[in-house]
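A short worksheet on the structure shown next.
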Amino acid sequence: MAVYEPPRLLDMVSVAAPVPMHVASSFEAHPRGTLAAIRIRGGPGGLLRLAAPLFARQVRSSLTKDLRDLERRLSERQGAG
């Protein structure tokens with residue numbers, strides 16, 4: 001982990017091959033809840049670079065699903081409380 005400043009910043013670096021990445025997430029108060037901004041940098045190197053467009057779509061799809069799941073879980077938690 002590069003930086004952790006709860007509740008506003010989580011900055012992580014993954015150095016695992018073949019795709020090292022840097023993921024920065026920031027959180028700000030918003031009238032309707034919390035605004036999350038996520039920035040992902042990095043990508044495949046070497047021959048895997050040829051698959052970069054496919055890799056980018058896969059990461060975007062996975063992140064979108066994760067955020068939907070998080071929103072659903074948080075909504076369920078608020079409904080239970």
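Numbering of residues begins at 1 and proceeds along the displayed sequence. Computation of the quantities below employed the complete heavy-atom set of this structure, encompassing side-chain atoms and omitting hydrogens, waters and symmetry-equivalent molecules.
Ile38 and Phe55 fall within the same hydrophobic cluster, where Ile, Leu, Val, Met, Phe, Trp and Tyr residues are linked whenever their side-chain heavy atoms come under 4.5 Å apart, directly or through other members.
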Which pairs of donor and acceptor atoms, one on a side chain in residues 21-34, lie under 3.5 Å apart (sequence neighbours left out)?
{"residue": "His22", "atom": "ND1", "partner": "Arg41", "partner atom": "NH2", "Å": "2.7"}
{"residue": "His22", "atom": "NE2", "partner": "Asp11", "partner atom": "OD1", "Å": "2.4"}
{"residue": "His22", "atom": "NE2", "partner": "Asp11", "partner atom": "OD2", "Å": "3.4"}
{"residue": "His22", "atom": "NE2", "partner": "Arg41", "partner atom": "NH2", "Å": "3.4"}
{"residue": "His30", "atom": "ND1", "partner": "Arg32", "partner atom": "N", "Å": "3.0"}

Indicate every side-chain donor-acceptor pair of residues 63-73 with a distance under 3.5 Å to a residue at least two apart or in another chain.
{"residue": "Thr64", "atom": "OG1", "partner": "Arg60", "partner atom": "O", "Å": "2.9"}
{"residue": "Lys65", "atom": "NZ", "partner": "Asp69", "partner atom": "OD2", "Å": "2.8"}
{"residue": "Arg72", "atom": "NH1", "partner": "Glu76", "partner atom": "OE2", "Å": "3.3"}

